[in-house]
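Here is the naming used below: chain letters follow the sequence lines, and residue numbers restart at 1 for every chain.
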Amino acid sequence: MSNAAKTRPQTRIVGAPVPRKEGIDKLVGRAQYVDDLTREGMWYGATVRSTIPRGNIRSITFDPHIDWNEFTVVTAKDIPGKNHIELIVADQPCLADGRVNHCEEPILLLAHPDRHKLLEAVAAIKVDYDPLPAVFSIEESEAQKEIILGEDNLIKSFTLEKGDVDSVWATAAHIVEGEYRTGPQEHLYIENNGMIAEWSAGDGITVWGSLQCPFYVHKALRAVFDLPDEKVRVIQTETGGAFGGKEDYPSILASHAGLLAMKSGRTVKMVYDRMEDLAATTKRHPSRVRHRTALDKDGKLLAMEIDLATDGGAYSTLSATVLSRATLHACGPYVCPNVRVRSRAWATNHVPYGAFRGFGAPQAIFAMERHMDEIAAALHLEPVELRRRNFLHQGNRNATDQLMREPVMLDKLLDRALAESDYPAKRARFARENQTNPLKRGLGIAAFYHGSGFTGSGELYLNSLAGIDVTADDKVRVLVSNTEFGQGTNTILTQIAAEALNLDFSDVTMAPADTAHIPNSGPTVASRTSMVVGRIIERASLQLLALLRERAGLGEQYPREEFFAACNRYRAAHGKVESLCRYEAPPGIQWDDATYHGEAYGAYAWAVYVAQVAVDTVTYSAEVEDFWAVQEVGRVLHPVLAMGQIEGGVAQGIGFALYEKVVLENGRMANNQMTNYIMPTAEDVPPIHVVFEEIPFCYGGYGAKGIGELPHDGPAPAILNAIRDATGVPFNAIPLLPEDLFAALAAREPIAEPAAL
Amino acid sequence: MSSRWASIRFTVNGQSRTVHAPPMKRLLDVLREDLHLTGAKEGCGEGECGSCSVRMNGELVNSCLIPVLQAEGAQIQTVEGLAPAIDSGGALHSLQEAFLQCGGAQCGICTPGMLMAAAQLLERNPHPSREEIREGLGGNLCRCTGFARIFASVLAASTHAGSEKKPDAR
Amino acid sequence: MRGNPEAHELIAPGSLAAVLHLLASEPGAWTPIAGGTELMVAHAAGRLTARKLVSLWNIPDLRFIRVEANSIAVGAGATFIDLRRNAAVAAELPLLAQAAGWIGSIANQSRATLGGNLVNGSPAADSSPALLAYDARIELVSIRGSRTVPYDKFHTGYKRNLLAPDELLFAVHLPRRFARHRGYLRKVGTRRAMAIAKVALAATALIENETVAEIRLGAASLAPFPTRLYRTEESILGNAITEETICAARTAVLAEAAPIDDIRSAAEFRRRVAANLVEEFLRELMKPEPRP
């Protein structure tokens with residue numbers, strides 16, 4: 001799997017395929033997800049939502065046939081603190097107060113002990129509106145005919161500039177332009193959003209739920225309930241998938257469940273069903289990216305001008321930071337002396353779009369990598385050759401002028417991907433066979449990088465605190481706010497601590513993700529857990545050893561019993577055994593938020609993906625037949641989990657490219673059922689060949705860089721490039737469904753004529 | 001309300017159980033609410049995702065689509081019945097062991113249903129091909145794994161018997 | 001779960017006779033429910049309007065597959081798993097055996113019944129094209145007796161059929177005379193598993209003296225209910241398979257198919273793919289018959 005194994009530092013647990021920490025609980029049905037929990041006397045909550053995309057609420061009528069005294073009803077007026085969800089900009093109400101700005105916007109909350117009666121009651125509440133004109137596309141929003149947010153509908157804009165783009169066009173040998181679009185994508189975690197809340201005057205608010213970022217929820221609840229830190233407690237339950245979809249939305253749901261709990265005096269559970277979750281919660285931002293690229297006669301990039309726009313939905317939420325990551329990934333892993341990226345997130349009357357694995361990068365990389373194939377076609381170059389001539393290498397600077405200090409092995413990744421996929425021989429064979437076969441096969445590649453951790457100075461602002469403690473029953477506990485939702489946080493962080501402390505894997509556990517007992521080590525997002533938090537845990541572990549050696553007589557070499565004996569001596573003297581560390585930035589990090597220049601990310605993961613696709617000219621369907629994912633993600637901390645991350649991300653990327661379409665009608669998701677929102681099944685996902693090259697990153701936990709988001713970046717452009725290879729038709733928008741292939745392929749032939757067999 | 005509650009008797013994981021419930025109550029809700037067997041999950045409520053899969057009379061079924069009255073007299077197996085002695089130190093089922101070794105579970109929400117589908121497959125076809133595994137698991141959606149580790153797990157479990165070879169992580 | 005279980009009554013009389021008496025005693029009041037793969041979905045979505053339901057699940061009188069002298073009789077209560085496991089169906093009705101594997105997933109096939117699939121009457125019903133291609137007849141039963149009608153007369157409109165309020169679909173009879181026919185089956189769905197057909201075609205044809213002596217084209221999702229493509233069949237019948245025949249057949253399909261635009265696909269796409277499928281079948285017929 002790895003050819004860097006020889007140079008790897010010797011480790012016992014890091015790098016070994018230890019069993020997933022919470023694996024057995026999940027396999028025997030013992031793991032407790034939020035909907036598995038009940039409380040004595042618990043009530044259920046439900047939400048009355050907007051049925052129109054924009055308008056003023058004229059009246060709310062309660063059907064007199066229902067005894068409303070049985071119910072707890074919460075409106076915006078019941079909110080003790082601020083009626084907004086704290087995130088970046090405070091513009092999203094917790095409950096609509098007189099005005100709605102998107103379909104499914106929460107207006108009113110109900111609680112009742114019988115969940116079936118609750119749904120009848122929701123249906124018995126009638127909201128009348130004075131509708132206002134609504135905006136449903138980037139184009140309508142930028143036209144500014146209707147202003148729906150601020151003064152200009154603009155949520156955020158960035159400009160990234162390097163060199164002098166305008167000086168190049170007149171003399172360039174080639175100029176290639178293109179426009180590329182991506183649609184909304186639903187996370188489709190199999191566990192819907194859910195939350196349980198309790199309130200008491202003495203203790204304040206406590207919530208248990210399915211979530212990624214306990215301290216995001218904590219911050220939101222503090223504002224909505226106007227409570228001090230210590231009266232807000234957030235506990236993560238086992239979380240059945242998230243992918244970014246449980247980064248910001250749980251703040252809303254926790255606020256709602258909490259308000260109902262406060263007013264009813266009961267424990268209240270709110271668990272969305274699939275239809276509500278699909279219609280009301282966030283999706284990946286749709287995008288439109290326009291490229292204009294200048295090249296010299298040898299196919300070297302001279303200038304890139306990129307106009308990147310996203311649909312942010314009705315409120316700001318995370319659109320600014322998603323746009324930032326899209327901006328920083330827009331130019332791909334290439335050397336280009338002159339760059340201008342102008343990016344804007346526009347408001348529309350859609351449900352606010354949110355975080356989703358990759359966080360803007362998959363949209364930007366789709367455009368860049370599709371565009372590279374169009375450039376190659378225009379210049380009569382092989383797509384592989386064009387990329388090779390422009391790859392970043394160690395010592396080069398990227399679009400933000402960041403110096404590539406670490407080794408970059410893109411050439412090697414490309415060679416490996418071509419060899420593994422048998423690319424040259426297969427392309428020749430397909431070109432031959434396609435002349436007579438109704439199944440047209442093609443190969444496509446995508447080369448890309450993904451920045452690990454928060455952007456620029458983001459990690460410094462976060463100032464994460466994390467560490468370990470040792471309990472009286474001889475367990476080391478990892479203290480972090482980083483959560484497990486399938487990706488392997490529990491396993492990776494306990495591996496790191498066990499390795500550093502020279503203990504067994506079974507000696508280390510995770511402290512429960514409960515804000516009352518854990519430090520804030522930042523959100524579980526941005527491929528930061530292994531690299532950033534893992535490094536803090538490694539340091540905190542070494543710090544504890546130093547402490548025990550200095551103050552509790554721990555020897556240089558020790559059996560595990562001696563370690564715990566030293567801990568007990570230290571505890572007897574000092575009360576507790578705990579070691580916390582704060583984030584420390586790698587040296588030399590310079591970032592300027594104003595000009596978007598400098599070290600955008602502490603490290604990058606690099607990859608080259610190859611897709612083999614067959615397009616059936618009888619049914620106009622495109623199927624991925626085979627897939628190769630070659631990447632360098634620093635040290636691989638756990639080979640099985642790492643492969644699982646890549647394969648899962650590739651499968652989601654295949655869905656993004658070929659299957660998953662959110663059908664929006666009047667601003668509302670019309671296909672909000674699993675039967676109509678089509679994700680790939682076990683029968684649709686091809687074999688995925690995963691190859692890791694390893695270059696340990698010395699500022700990441702045991703050499704790790706980020707891995708989680710990377711695999712979502714490459715599949716879509718690789719697949720559409722393969723379809724171009726197979727059919728000769730450039731498709732520039734995803735999802736690309738058979739109906740879209742039909743529209744382009746069938747248009748070439750008269751309808752009654754035999755299909756080209 | 002027109003429903004008369006019914007007493008319905010069936011066997012769950014080898015134990016005879018009687019529940020008193022509206023006959024149109026879903027088997028899934030009876031298992032989770034009345035019998036506190038929360039292994040089976042609701043992912044979609046419409047038979048699309050398979051996370052509520054259990055085995056009934058030797059067949060794989062979506063428990064969200066079964067009115068409990070139709071389970072009268074049935075033999076039902078849930079994920080909790082795969083390794084019944086686990087809480088008293090007993091072993092995992094060979095499929096569970098393979099999922100643990102091969103990374104077949106990530107977030108775990110589809111896992112109980114996936115295990116039941118895999119158990120059904122292996123019982124009828126102890127040595128399935130990759131295509132047969134794909135079909136056998138086609139009704140169980142997993143959003144984390146891309147299915148590859150799950151296929152590896154099922155293959156490992158299918159070759160487990162009589163083999164010294166450890167399940168291959170790839 | 002948006003439905004309220006307490007708002008619905010469900011009884012399980014346990015025998016066909018008892019169910020028929022119940023239906024006769026209050027015609028139209030009781031809605032039969034077999035494997036529940038359709039009605040329970042509506043129930044969960046809060047869309048189940050039927051208040052009184054009678055269970056047909058596992059009634060032995062309805063769950064059978066019998067090989068008779070001239071036909072194979074499949075009880076309405078036979079599940080798609082039953083069909084897939086039946087040796088006679090596999091040998092003599094391969095298109096039906098294969099179509100049974102199209103239904104949802106294994107967990108759906110173990111509950112969904114042939115009768116339920118037909119009575120539900122979705123235009124996209126997976127089993128219908130094969131039944132049309134095999135010239136199936138269906139037997140309806142009530143306390144008044146039974147009657148048998150050609151399957152292609154069963155559907156009378158979108159989700160409407162010939163059943164009287166006191167009648168049940170009892171069995172599907174498939175004639176055993178397709179051994180010499182060439183067959184074709186293809187579903188174009190949203191994905192490989194758990195898919196609803198955007199278009200599906202099942203076809204049988206008998207070639208004698210290099211001309212088409214018999215042809216049946218059963219299609220899903222091209223009309224408000226599953227239907228034979230009679231005019232297309234006419235354009236082919238009696239002809240040798242030539243490029244002209246193929247062109248004429250394509251023209252006939254495009255004229256005859258009346259699909260709709262919906263959330264899953266587009267009418268133009270469906271028409272064109274239907275023409276492509278018919279063409280694909282005809283081109284297979286041009287090749288020599290594969291020997292087993």
State, yes or no, whether a side-chain contact exists between Val28(A) and Leu82(B) at a heavy-atom distance under 4.5 Å. no
Check whether any side-chain heavy atom of Arg143(B) lies under 4.5 Å from a side-chain heavy atom of Pro680(A), and answer yes or no. yes
Heavy-atom distances under 4.5 Å only: say whether Leu641(A) touches chain B with side chain, backbone, both or neither. neither
Under a 4.5 Å heavy-atom cut-off, does chain A meet the side chain of Ser51(B), its backbone, both or neither? side chain
Minimum heavy-atom separation for Ala682(A) and Arg134(B), please, with both atom names. O-CG, 3.4 Å
So do Arg32(B) and Asp36(A) actually touch side chain to side chain, heavy atoms under 4.5 Å? yes
Please flag which part of Val685(A) lies under 4.5 Å from any non-hydrogen atom of chain B: side chain, backbone, both or neither. both
Honestly, the part of Asp25(A) sitting under 4.5 Å from a heavy atom of chain B is neither
For Glu238(A) and Lys41(B), what are the C-alpha separation, side-chain angles and deciding distance, and is it a salt bridge (Lys or Arg N to Asp or Glu O under 4.0 Å)? CA-CA 13 Å; Glu238(A) 200 71 68; Lys41(B) 311 295 182 194; over 6 Å; no
Can you confirm whether Arg30(A) sits close enough to Asp87(B) that some side-chain heavy atom of one is under 4.5 Å from a side-chain heavy atom of the other? yes
Answer with side chain, backbone, both or neither: which region of Asn192(A) has an atom nearer than 4.5 Å to a non-hydrogen atom of chain B? side chain
Under the 3.5 angstrom rule, does the side chain of Arg20(A) hit a backbone N or O of Leu100(B) as a donor-acceptor pair? no
Is it the side chain or the backbone of Glu131(B) that comes within 4.5 Å of chain A heavy atoms, both, or neither? neither
Does the side chain of Glu46(B) pick up a donor-acceptor pair with the side chain of Gln673(A) at under 3.5 Å? yes
Could you walk me through whether Glu33(B) and Arg115(A) pass the salt bridge (Lys or Arg N to Asp or Glu O under 4.0 Å) test, one step at a time? CA-CA 13 Å; Glu33(B) 295 168 5; Arg115(A) 63 187 172 120; 2.5 Å; yes
Part of Leu137(B) within contact of chain A (heavy atom distance under 4.5 Å): both
Can you tell me how far CD of Gln106(B) sits from NZ of Lys26(A), rounded to the nearest 0.5 angstrom? 8.5 Å
Counting heavy-atom pairs under 4.5 angstrom with chain B, the leader among Gln32(A), His187(A), Glu22(A) is His187(A)
